[in-house]
Chemist: 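The structure under discussion is supplied below as structure tokens; questions concerning it will follow.
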Amino acid sequence: MLELRLVQGSLLNKVLEAIRELVNDANFDCSATGFSLQAMDSSHVALVALLLRSEGVEHYRCDRNLSMGMNLNNMAKMLRCSGNDDIITVKADDGSDTVTFMFESPNQDKIADFEMKLMDIDSEHLGIPDSEYQATVRMPSAEFARICKDLSSIGDTVVISVTKEGVKFSAAGDIGTANIVCRQNKTVDKPEEATVIEMQEPVSLTFALRYMNSFTKATPLSETVAISLSSELPVVVEYKIAEMGYIRFYLAPKIEEDDEEMKS
Amino acid sequence: MLELRLVQGSLLNKVLEAIRELVNDANFDCSATGFSLQAMDSSHVALVALLLRSEGVEHYRCDRNLSMGMNLNNMAKMLRCSGNDDIITVKADDGSDTVTFMFESPNQDKIADFEMKLMDIDSEHLGIPDSEYQATVRMPSAEFARICKDLSSIGDTVVISVTKEGVKFSAAGDIGTANIVCRQNKTVDKPEEATVIEMQEPVSLTFALRYMNSFTKATPLSETVAISLSSELPVVVEYKIAEMGYIRFYLAPKIEEDDEEMKS
Amino acid sequence: MLELRLVQGSLLNKVLEAIRELVNDANFDCSATGFSLQAMDSSHVALVALLLRSEGVEHYRCDRNLSMGMNLNNMAKMLRCSGNDDIITVKADDGSDTVTFMFESPNQDKIADFEMKLMDIDSEHLGIPDSEYQATVRMPSAEFARICKDLSSIGDTVVISVTKEGVKFSAAGDIGTANIVCRQNKTVDKPEEATVIEMQEPVSLTFALRYMNSFTKATPLSETVAISLSSELPVVVEYKIAEMGYIRFYLAPKIEEDDEEMKS
């Protein structure tokens with residue numbers, strides 16, 4: 001039996017909006033340690049990994065491991081019926097073919113139960129090794145989202161180049177070229193406005209903007225984003241989810257003119 | 001001759017927006033007692049009744065009964081040209097084939113006259129008897145609108161079930177089921193936030209959500225809505241219009257799988 | 001070499017939005033006196049003239065006259081990548097086939113360079129003589145925009161009639177007629193809310209609303225608009241740009257049922 005109670009229920013809504021542009025159907029894996037999901041996008045180029053740790057959640061009970069296949073669009077339809085301040089509880093009985101989302105209004109006057117059919121989804125779980133990265137950029141998530149959106153009006157790919165001084169995002173296309181430089185800046189009023197660079201050595205990699213723009217759907221989840229780059233590895237774009245977990249997106253860099261698919 | 005002057009002119013705009021999704025053409029009936037309209041929707045399933053009482057209006061003059069056929073989309077086009085704070089006057093001469101909407105800005109610097117052609121519309125006036133209902137639910141109109149919209153993402157019909165404790169709205173469809181319970185609650189800070197149930201006996205009826213959603217276009221007119229239910233009668237969904245009148249929507253319940261049209 | 005630095009960079013964005021519905025490609029002419037543009041709309045009915053004077057701009061340098069052909073949609077795509085509070089610098093080297101737009105964030109942490117390809121555009125510069133007008137109406141630009149938009153829901157043309165008392169905008173169409181009168185009013189709290197009429201003699205002229213509505217895209221540039229009318233001349237609709245210049249739109253009146261093109 002699974003029972004996960006989120007006082008800040010709107011987080012679950014934001015999680016869904018963050019991933020459903022990339023993934024249609026996915027298994028949510030529930031265990032004693034928490035609630036997680038790992039899925040490739042439909043074109044098998046990008047990977048999403050979600051984790052909500054049990055200790056970060058107001059109430060969490062999971063008697064035995066459960067894997068629940070869900071259609072994310074249907075799940076989003078149901079979650080969108082929750083109020084912004086509602087408490088959301090996710091419930092499933094062992095062996096049941098449905099999951100229930102319960103929405104409680106803050107004053108308990110309105111209580112809604114949405115029961116959704118589960119589905120069988122084949123999936124293989126990729127082991128993602130912990131890696132050292134040549135460079136990690138931490139910056140305001142809204143800034144990163146704006147840059148990816150802006151560069152999409154110029155070209156299809158972005159070159160991300162990191163030096164000690166800052167990070168440069170570049171694009172080129174029929175109408176011209178664009179270079180956007182964000183300087184390292186740790187002396188800001190609010191820590192979430194800082195741009196901080198941790199670097200072993202300079203790195204410059206090219207990515208499809210289409211995927212980067214999909215990743216930025218997670219912007220409402222966190223004020224900052226961490227982008228970890230190495231020439232031999234997929235980039236990791238990470239959004240922390242409050243105290244309880246994260247969403248991480250992985251995307252292989254483009255090598256010359258070829259589309260490289262991520263290998264497990 | 002008709003002359004109706006509304007200092008809160010934006011009300012007339014809201015009235016139009018409330019009914020024009022259901023009704024294209026309708027007769028506005030003017031008499032000494034007020035300004036009214038009764039019309040079936042184009043599929044002859046739902047009925048709208050509007051009343052603006054003469055005593056509720058700032059200035060009202062109607063020398064003899066007038067029935068003015070109007071295309072509601074054209075009327076809405078004209079009313080949308082009024083400012084939010086404008087005073088609106090509706091004027092028609094006896095026997096004229098036009099009606100004039102006059103919009104005065106609060107400081108009288110801008111005065112607009114919109115003259116619209118009237119049309120001949122056949123209509124029969126249904127006598128709607130005053131009835132006793134098994135149950136009447138009064139609740140915040142925005143809450144009711146939200147519930148109808150939310151359930152539309154699950155199914156095509158809503159079952160409304162009233163008990164002493166509260167009112168339950170249910171829907172079912174391909175992706176699952178939903179139940180939303182609003183508890184009776186009279187102890188709220190503002191009376192318009194209360195959910196109040198008057199009940200002779202429990203009642204449970206099924207309605208097409210498509211029509212319910214159309215009715216909720218009247219939400220901007222009133223902070224509360226009253227839903228009156230009896231198993232033998234069409235539901236009445238009523239929105240009060242300030243001190244001056246109401247819009248009422250009538251819809252026959254669905255019986256098993258059949259669409260039942262309302263009979264006069 | 002051209003260098004134009006605008007601390008209030010968002011102005012340039014608004015200028016582009018004001019003209020690109022009318023004009024696709026145009027030459028920007030740079031000289032010691034400033035930055036200007038003159039172009040006919042694609043149907044050769046309306047004329048746009050833009051001027052940004054060198055002395056109104058924070059930094060301006062133009063060593064020799066330059067004419068830069070730009071695609072305004074591409075230029076708008078790039079300018080839309082600037083932040084609302086960014087400082088914008090326009091740079092071009094003599095003989096270069098590109099122009100660079102540099103956007104600096106207020107705290108200098110983000111610096112973007114967008115380089116756009118220039119194009120060759122044939123154009124003839126029309127000499128527009130200074131004229132005396134029978135009447136000039138100065139009014140809030142938002143009011144004028146609202147009136148043009150509202151009348152578009154009634155008809156295709158607007159008759160603008162000026163008398164000492166005020167200005168009347170009229171339209172007629174299938175669904176009826178509309179007259180909107182704005183009275184002269186100089187005694188307002190804020191000068192930008194005044195409606196002021198300067199008149200040699202009454203004048204009444206007819207214009208295509210489609211063009212008038214395009215002109216009102218310049219509304220964000222200025223709180224007031226000046227409309228200058230004479231029966232023998234194209235109307236001039238002028239929006240001032242801060243202390244530094246203006247956008248002027250010229251449109252020939254309609255004579256009876258014919259479309260009259262503007263002659264140089």
Side-chain angles (χ1 to χ4, degrees), chain A residues 137-197 209 212-213 216 219 223-225 227, chain C residues 2 4 9-10 12-13 16-17 19-20 23-28 66 68-93 95-121:
Chain A
V137 178
R138 257 169 259 281
M139 61 186 293
S141 60
E143 190 70 89
F144 177 63
R146 175 75 199 259
I147 290 169
C148 291
K149 180 174 153 286
D150 283 348
L151 293 183
S152 304
S153 64
I154 307 299
D156 295 331
T157 60
V158 57
V159 182
I160 305 182
S161 311
V162 186
T163 63
K164 276 211 153 48
E165 287 70 41
V167 52
K168 183 168 79 174
F169 302 88
S170 308
D174 291 342
I175 69 169
T177 61
N179 290 294
I180 301 175
V181 174
C182 296
R183 285 203 277 218
Q184 166 145 257
N185 180 0
K186 303 174 178 176
T187 58
V188 287
D189 291 348
K190 301 176 195 156
E192 64 269 23
E193 290 175 358
T195 298
V196 180
I197 290 163
L209 273 167
M212 285 290 172
N213 274 308
T216 63
T219 302
E223 296 203 74
T224 59
V225 63
I227 306 157
Chain C
L2 167 74
L4 177 159
S10 60
L12 207 58
N13 234 317
L16 255 281
E17 295 305 319
I19 59 181
R20 77 190 179 84
V23 180
N24 292 325
D25 302 316
N27 284 316
F28 283 82
L66 260 181
M68 300 186 292
M70 303 200 199
N71 175 291
L72 299 193
N73 285 323
N74 291 347
M75 186 179 172
K77 271 186 192 169
M78 291 193 165
L79 289 177
R80 254 185 260 125
C81 298
S82 65
N84 224 11
D85 301 320
D86 282 2
I87 299 165
I88 297 186
T89 306
V90 182
K91 288 188 288 197
D93 288 323
S96 168
D97 62 348
T98 63
V99 61
T100 298
F101 305 105
M102 186 173 78
F103 312 138
E104 298 166 77
S105 69
N107 63 2
Q108 301 286 323
D109 279 348
K110 181 179 168 192
I111 293 177
D113 282 286
F114 283 71
E115 189 174 307
M116 189 175 77
K117 290 177 191 152
L118 296 176
M119 51 200 297
D120 282 321
I121 299 168

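Lettering of chains follows the sequences in order, A, B, ..., and the numbering in each one begins at 1. Nothing here was measured: the structure is a model prediction, and the numbers come from that model.
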Chemist: With a 4.5 Å cut-off on heavy-atom pairs, point out which of A/Ile147, A/Thr195, A/Asn179 contacts chain C the most.
Modeler: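 Among A/Ile147, A/Thr195, A/Asn179, the one with the most close pairs to chain C is A/Asn179.
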Chemist: Heavy-atom pairs under 4.5 Å with chain A: which of C/Met78, C/Arg80, C/Met75, C/Met116 has the most?
Modeler: C/Met78
Chemist: For the atom pair CD1 (A/Ile180) and CD1 (C/Ile111), what is the distance rounded to the nearest 0.5 Å?
Modeler: 12.0 Å
Chemist: Compare all side-chain heavy atoms of A/Met139 with those of C/Lys110 and state whether any distance is below 4.5 angstrom.
Modeler: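 No, their side chains stay 4.5 Å or more apart.
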Chemist: Could you check whether any side-chain N or O of C/Lys77 sits under 3.5 Å from a backbone N or O of A/Ile154, counting only pairs where one atom can act as donor and the other as acceptor?
Modeler: no
Chemist: Around atom CD of A/Glu223, are there more than 12 heavy atoms of other residues, nucleotides or ligands at under 6.0 Å?
Modeler: no
Chemist: Calculate, to the nearest 0.5 Å, the distance between atoms CG and CD1 belonging to C/Asn71 and A/Ile175 respectively.
Modeler: 8.0 Å
Chemist: Heavy-atom count check: over 12 atoms from other residues, nucleotides or ligands less than 6.0 Å from C/Asn107 CG?
Modeler: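 Result for CG/C/Asn107: enclosed.
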Chemist: Please flag which part of A/Asn185 lies under 4.5 Å from any non-hydrogen atom of chain C: side chain, backbone, both or neither.
Modeler: side chain
Chemist: To the nearest 0.5 Å, tell me how far C/Asp113 CG sits from A/Ser170 OG.
Modeler: 10.0 Å
